[in-house]
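Note: hydrogens, waters and symmetry copies are ignored here, and every other heavy atom, side chains too, is used. Sequence lines set the chain letters: A, B, ... in the order given, protein chains first and strands last, and positions in each chain run from 1.
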There are 2 protein chains.
Amino acid sequence: MEQSDTRESLLDAAEELFSEHGIQASSVRAITQHATANLAAVNYHFGSKDGLVRAVFARRLKPMSEERLRELDGCDLSAPDAVEQVLVAFLKPVLRMAKETPEGARGFARLMGRAFSEPNEEVRQAILGELSESIHRFLVAFSQLLPHLPQDELIWRFHFVGGAMGHTVACGHLLERSLEGRCHIGDTGEVLQRMVPFLAAGMRAPAGTQEALIKETT
Amino acid sequence: MEQSDTRESLLDAAEELFSEHGIQASSVRAITQHATANLAAVNYHFGSKDGLVRAVFARRLKPMSEERLRELDGCDLSAPDAVEQVLVAFLKPVLRMAKETPEGARGFARLMGRAFSEPNEEVRQAILGELSESIHRFLVAFSQLLPHLPQDELIWRFHFVGGAMGHTVACGHLLERSLEGRCHIGDTGEVLQRMVPFLAAGMRAPAGTQEALIKETT
DNA sequence: GTCTATATAGCGATAGAC
DNA sequence: GTCTATCGCTATATAGAC
């Protein structure tokens with residue numbers, strides 16, 4: 001029933017090289033070589049390098065979104081720590097992926113953190129399309145938990161959550177350097193322990209109007 | 001006293017193309033053409049494409065760090081809103097740059113947001129070196145304001161601040177799309193109004209140990 | 001489905017005239 | 001300091017044998 005061993009090897013090799021050197025910098029030659037496949041295999045299986053890029057993202061994004069929604073369905077939205085629960089539901093699947101992907105924390109998740117800005121427009125749209133449903137579901141959940149917040153404020157805040165998450169997962173090496181090894185980005189529990197209290201407090205903060213502080217913006 | 005008009009044109013053109021298409025994807029040919037300079041000019045003025053890349057970052061990073069430290073020195077660390085003040089000192093110079101850079105919010109600041117992961121190791125080190133002093137000064141300020149937080153917790157939180165900032169500045173287009181135009185990433189005051197209450201609440205949050213919530217991490 | 005060989009194009013960098 | 005011309009290399013993609 002297996003379609004092709006080579007196909008999966010190519011996806012694995014591409015994922016690893018993309019996450020390490022970026023998409024542009026990873027040549028089809030390097031990918032096929034790393035997968036011990038023939039140079040022509042990429043074009044045979046994916047049509048083009050762009051097709052391979054799309055396939056690399058598609059393979060991981062759908063299961064990740066499904067896991068997120070499953071976690072979200074398991075949250076008790078009436079609990080006092082519902083905000084924390086929903087944050088964990090959003091973060092855990094990404095952090096788990098950062099751990100499990102072939103080369104660990106520097107794998108697919110790290111690639112994801114960059115994906116919104118790096119690749120070409122076409123690929124970016126494919127990624128956003130795959131994510132939009134689960135993002136919407138989480139926004140609905142947060143708006144139930146924080147009904148006093150205007151919808152726009154909620155969108156900003158969820159955007160900050162995504163930024164902190166993406167940066168952590170994409171630039172964990174910065175953190176490991178700053179902490180001189182006293183952290184492990186692959187340790188889902190530890191990362192959640194750090195992120196969730198910070199982000200939950202941010203989500204719960206009263207919407208701000210400190211005109212005095214910010215008035216001078218020139 | 002001006003050294004070379006071409007030199008500045010090349011920096012401007014490179015900055016714009018790098019931020020729009022990425023460093024790797026911007027060829028020396030495209031850069032010189034966009035600057036209406038000769039193909040050989042990059043090698044003459046900067047030695048190599050890598051030299052140009054370093055020069056693009058160096059030109060903006062030093063003034064930005066200096067402005068940050070100036071703003072920090074202007075903060076009243078004994079005020080009740082000292083955390084907010086320090087956050088503004090950290091964020092405002094970047095947001096201002098996002099506004100002023102040639103092509104607006106999609107300019108140098110957007111490039112910065114990606115710079116920690118995208119380019120080659122050498123360039124990354126140059127950027128970090130330019131930033132490390134001001135980062136350290138801000139960590140010291142925060143540790144004075146939040147003496148109850150362990151140093152490691154502080155580093156994690158400051159990392160989240162950087163992530164939210166980088167994502168906002170690098171992926172503002174996501175936000176503008178989500179908000180259907182009801183925001184302007186170039187409006188420093190508006191962005192600070194959204195970011196500072198969220199991040200200040202996160203910085204002030206008690207360090208978390210919700211073992212119950214996060215225990216299951218497989 | 002996998003291979004070799006190659007077409008076609010673009011790249012960074014440099015030599016040398018002006 | 002700016003130009004043209006070009007070297008040497010690598011890229012993606014494909015044609016056609018097996």
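Looking at B/His136 and B/Ser134, their side chains never come closer than 4.5 Å, going by heavy atoms from C-beta outward. The side-chain heavy atoms of A/Gln193 and A/Asp187, taken from C-beta on, include no pair separated by under 4.5 Å. For the pair A/Thr168/A/Met165, no side-chain contact is recorded, criterion being any heavy-atom separation below 4.5 Å from C-beta on.
Going from atom CD1 of A/Ile23 over to atom C1' of D/dA11 covers 16 Å, rounded to whole Å. Computed from coordinates, the A/His45 NE2 to C/dC3 C1' distance equals 12 Å when rounded to whole Å.
Aromatic ring centres of A/Phe57 and A/Phe108 lie closer together than 6.0 Å.
A sub-4.0 Å separation between OP1 or OP2 of D/dT2 and a side-chain N or O of B/Thr6 is present.
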**Message:** So if I define the base as every atom that isn't primed, P, OP1 or OP2, how would nucleotides 4-18 of chain C read as a B/S/- string at a heavy-atom cutoff under 4.0 Å?
**Reply:** B------BBBB----

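Between the A/Glu190 side chain and the A/His184 main chain, a donor and an acceptor come within less than 3.5 Å of each other.
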